[in-house]
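For clarity, every value in this text was computed on a predicted model and none was experimentally measured. For the numbers below, each heavy atom of this structure counts, side chains included, while hydrogens, waters and symmetry mates do not.
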Amino acid sequence: MRPFMRTALSMSRLISAHSFHLKSNSTPIISQSSRSLRIPLFNLPQGVYRPNSSSEFRWFCSKSRIAAATMQNRESISYLTQKEAAEVDEILMGPLGFSVDQLMELAGLSVATSIAEVYKVNEYKRVLVICGPGNNGGDGLVAARHLFHFGYNPSICYPKRTPKPLYAGLVTQLESLSVPFVSVEDLPSDLSKDFDIIIDAIFGFSFHGAPRPPFNDLIQRLVSLNEYKEAKQRFPVVVSVDIPSGWHVEEGDISDSSFKPDMLVSLTAPKLCAKRFHGPHHFLGGRFVPPSIVSKFNLHLPPYPGTAMCVRIGKPPQVDIAALRENYISPEFVEDNVEADPIHQFRKWFDEAIAANLREPNAMSLSTATSDGKPSSRMVLLKGFDEDGFVWYTNYGSRKAHDLAENPRASLLFFWDGLNRQVRVEGTVQKVSEDESEQYFHSRPRGSQLGAIVSPQSSVVPGRHFLIDKFKELEDRYSNGSLIPKPKYWGGYRLKPENFEFWQGQPSRLHDRLQYSPCEIEGKKVWKVERLAP
């Protein structure tokens with residue numbers, strides 16, 4: 001077993017908001033510079049906390065769009081020999097001062113976040129973690145704990161328990177969460193019916209020879225799942241931790257066991273056998289390698305994006321776009337439970353999007369059209385709303401501004417993925433007052449003020465250097481902290497709503513769609529609520 005382990009990162013994020021007053025009684029929106037994330041939690045019985053859905057912990061791991069920028073050609077990545085891997089561990093836990101439990105915690109978290117990146121909890125909820133007696137098994141126990149808190153339902157098969165306090169503590173932690181431990185005898189002979197994911201945390205890079213009971217039988221059960229793959233039937237995916245169990249650390253599956261996991265999560269750096277891994281998902285985890293080790297072993301590793309604990313190696317598998325779909329599970333959205341005023345209903349949903357810590361809940365798609373009906377759309381940020389309408393700011397020389405000058409009508413679309421919700425708002429558009437634009441302009445960070453002056457929005461420019469040079473010139477001019485004047489060509493718009501649609505995703509595409517449209521009753525303007533077919 002490798003002497004390799006890894007310390008939980010405790011992460012908390014706060015949301016702080018810049019308040020500014022667009023109008024009296026208007027609702028200010030969080031400024032971009034002050035946004036950050038927190039994982040929303042809700043309280044279960046017995047004092048256990050879990051996120052509500054997989055979307056709430058995706059910030060742990062790179063989103064696909066971020067990971068795409070950091071994917072590396074597998075041939076350009078460094079691979080460690082068995083001797084090098086052992087030497088890295090000795091240095092980490094020797095002169096560099098890491099403890100086994102620190103490294104184990106980081107490794108297990110990396111495994112859990114890699115799994116959550118690919119296998120979403122609403123489709124792959126039931127997890128079996130098969131743990132060996134060494135450090136790889138410890139990684140599996142830690143991963144199981146994190147997966148539990150991510151919303152998965154893990155079970156543990158740990159037939160050869162290690163009596164050391166570290167491992168006993170990991171077992172106690174899982175038992176306190178009521179995570180079941182299953183003996184080899186109680187496991188079904190056919191693992192395909194009871195589990196969606198099976199984590200192979202049996203043997204690590206220091207393993208030699210042929211697997212012995214009961215692990216040889218367990219590995220054979222994993223191999224038997226190949227029959228379902230060949231028949232293109234639903235089968236549990238197999239995730240191996242660092243090394244597919246039974247493989248030679250450098251030469252791969254030399255015993256021709258046909259053990260072919262679907263995902264491999266390499267730790268610290270990939271081992272040589274990973275070159276012979278041909279499954280669809282190869283991730284690197286263990287974000288703790290210091291520069292001294294990178295230099296000593298001349299390591300070439302992919303950069304971890306943002307706060308991610310894992311990064312994909314190689315290209316993701318091709319997917320059938322037509323088969324991509326999500327079966328939404330949401331509370332019913334019915335007429336009896338909605339606000340009579342759509343602005344009040346929007347405020348309710350917007351506040352819930354804020355509370356769920358969704359990324360940029362004020363982002364909206366703004367659609368405009370020219371006088372002859374040529375449409376265009378772009379994402380902008382809502383900066384305030386009240387009974388008079390929805391406000392955003394832009395350059396009055398931009399394409400959207402030209403469209404609105406010709407055709408002062410627009411549509412806004414908010415999409416809150418984590419809540420399975422959309423809101424569409426249609427109406428007429430007019431500019432906000434100069435005073436209102438001035439007040440908002442000077443509430444922005446100074447860099448954003450300079451950027452608004454520098455950019456001739458939607459115009460062709462000779463290159464990025466053109467913008468950077470102009471920005472630096474203005475930065476020098478106002479380096480004394482003096483007031484930056486708002487340019488005349490920059491300001492706000494307000495859409496006065498004439499129609500709202502609130503959309504809530506539901507199973508089997510039977511979505512809830514409630515439309516608000518204005519009407520008069522006894523000479524008084526009211527909003528009529530009607531249900532639209534999905």
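Side-chain N/O atoms of R444 and Q449 include no donor and acceptor closer than 3.5 Å. Under the 3.5 Å distance criterion, with hydrogens and angles disregarded, a donor-acceptor pair is assigned to the side chains of R312 and H281. Side-chain contact annotation: N122 with E326, donor-acceptor N/O pair under 3.5 Å present. Judged by distance alone, the side chains of S76 and H300 never bring a donor and an acceptor atom under 3.5 Å apart. No donor-acceptor contact under 3.5 angstrom links the side chains of Q506 and S330, judged on distance only. With hydrogens and angles left out, the side-chain atoms of R378 and T368 include a donor and acceptor closer than 3.5 Å. Between the side chains of S517 and N499, no donor N or O sits under 3.5 Å from an acceptor N or O. Side-chain polar atoms of R446 and S448 form no donor-acceptor pair below 3.5 angstrom.
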Can you list, pair by pair, the side-chain donor-acceptor contacts under 3.5 Å of residues 519-534, counting residues two or more places apart and other chains?
unit_1: R531; atom_1: NE; unit_2: E335; atom_2: OE2; d: 3.0
unit_1: R531; atom_1: NH1; unit_2: D512; atom_2: OD1; d: 2.8
unit_1: R531; atom_1: NH2; unit_2: F333; atom_2: O; d: 2.8
unit_1: R531; atom_1: NH2; unit_2: E335; atom_2: OE1; d: 3.2

Side-chain donor-acceptor pairs of residues 467-474 under 3.5 Å, sequence neighbours excluded:
none

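Taking the six-membered ring for Trp and thresholds of 30 and 60 degrees, F502 and F500 have nearly parallel ring planes, at less than 30 degrees apart.
The two residues F150 and V121 make their nearest non-hydrogen contact at O-CG2, 4.3 Å. Closest approach of I453 to P485, counting heavy atoms only: CD1-O, 3.7 Å. Scanning all heavy atoms of the two residues, the minimum distance from V127 to Y152 falls at CG2-CD2, 3.9 Å. Here the shortest heavy-atom pairing between C310 and P305 reads O-CD, 4.3 Å. In terms of heavy-atom proximity, S110 sits nearest to M309 at OG-O, 3.3 Å.
Partners of E434 according to the side chain to side chain donor-acceptor pair (under 3.5 Å) rule, which considers only residues two or more places apart in sequence or in another chain, are K486. By the side chain to side chain donor-acceptor pair (under 3.5 Å) test, D435 is found to be paired with no residue, residues two or more places apart in sequence or in another chain being considered. Checked against salt bridge (charged side-chain N to carboxylate O under 4.0 Å, His left out), E426 has the following partners two or more places apart in sequence or in another chain: R424. Applying the ring-ring contact (aromatic ring centres under 6.0 Å, His included) criterion to H511, with sequence neighbours excluded, gives Y328, W503. For S240, the side chain to side chain donor-acceptor pair (under 3.5 Å) partners two or more places apart in sequence, or in a different chain, are D200. Residues forming a side chain to side chain donor-acceptor pair (under 3.5 Å) with S367 (at least two apart in sequence, or on another chain): S377. Partners of F390 according to the ring-ring contact (aromatic ring centres under 6.0 Å, His included) rule, which considers only residues two or more places apart in sequence or in another chain, are F346, F385. When the salt bridge (charged side-chain N to carboxylate O under 4.0 Å, His left out) test is applied to R513, the partners found at least two apart in sequence or on another chain are E501.
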Inset, instruction - Could you go through the ring-ring contact (aromatic ring centres under 6.0 Å, His included) check for W490 and F441 one step at a time? - result: CA-CA 9 Å; W490 190 96; F441 181 82; 5.3 Å; yes
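A donor-acceptor pair is defined here as one N or O able to donate and one able to accept, closer than 3.5 Å; no such pair exists between the side chain of S455 and the backbone of A452. One N or O on the side chain of N327 and one on the backbone of S508 form a donor-acceptor pair closer than 3.5 Å. Put simply, the side chain of W392 never gets that close to the backbone of G492: no donor and acceptor are under 3.5 Å apart. Here the side chain of N362 pairs a donor or acceptor atom with the backbone of L382 at under 3.5 angstrom. Panel note: side chain R325, backbone A322; a donor-acceptor pair is recorded below 3.5 Å. A donor-acceptor contact shorter than 3.5 Å is absent between the side chain of H344 and the backbone of A340. Side chain of T428 to main chain of R409: no donor-acceptor pair is present (N/O by atom type, distance under 3.5 Å, no hydrogens or angles). The backbone N or O of Q173 sits nowhere less than 3.5 Å from a side-chain atom of R145 that would complete a donor-acceptor pair. Looking only at distances, no side-chain donor or acceptor of D139 sits under 3.5 Å from a matching main-chain atom of G108. In terms of modelled atom types and a separation under 3.5 Å, the side chain of T113 and the main chain of L109 share a donor-acceptor contact.
Taking the side chain as every heavy atom from C-beta outward, P236 and D196 never approach each other to under 4.5 Å. Using a 4.5 Å heavy-atom cutoff, the side chains of F350 and W416 are in contact. Residues L366 and L495 form no side-chain contact, since every pair of their non-hydrogen atoms from C-beta on lies 4.5 Å or further apart. In this structure, the side chains of T394 and Q457 come closer than 4.5 Å at one or more pairs of heavy atoms. For the pair L284/P270, a side-chain contact is recorded, criterion being any heavy-atom separation below 4.5 Å from C-beta on. Residues F283 and V111 fail the side-chain proximity criterion, which asks for heavy atoms closer than 4.5 Å. Considering only heavy atoms from C-beta on, Y396 comes within 4.5 Å of S437 through its side chain.
Annotation for Q430: atom CD does not count as buried by contact number, only 12 or fewer foreign heavy atoms lying within 6.0 Å.
Look at E339 and R347 and you find no salt bridge, because none of the NZ, NE, NH1 or NH2 atoms lies under 4.0 Å from a carboxylate O.
From L267, atom CG reaches atom CZ of R287 across 15.0 Å, with rounding to the nearest 0.5 Å. The distance from atom CZ of R126 to atom CZ of F195, rounded to the nearest 0.5 Å, is 8.0 Å.
Residue pairs meeting the salt bridge (charged side-chain N to carboxylate O under 4.0 Å, His left out) criterion with at least one partner in residues 391-404, sequence neighbours excluded, are absent. Listed by first then second residue, pairs satisfying ring pair (Phe, Tyr, Trp, His ring centres under 6.0 Å) with a partner in residues 305-326 number zero, not counting sequence neighbours.
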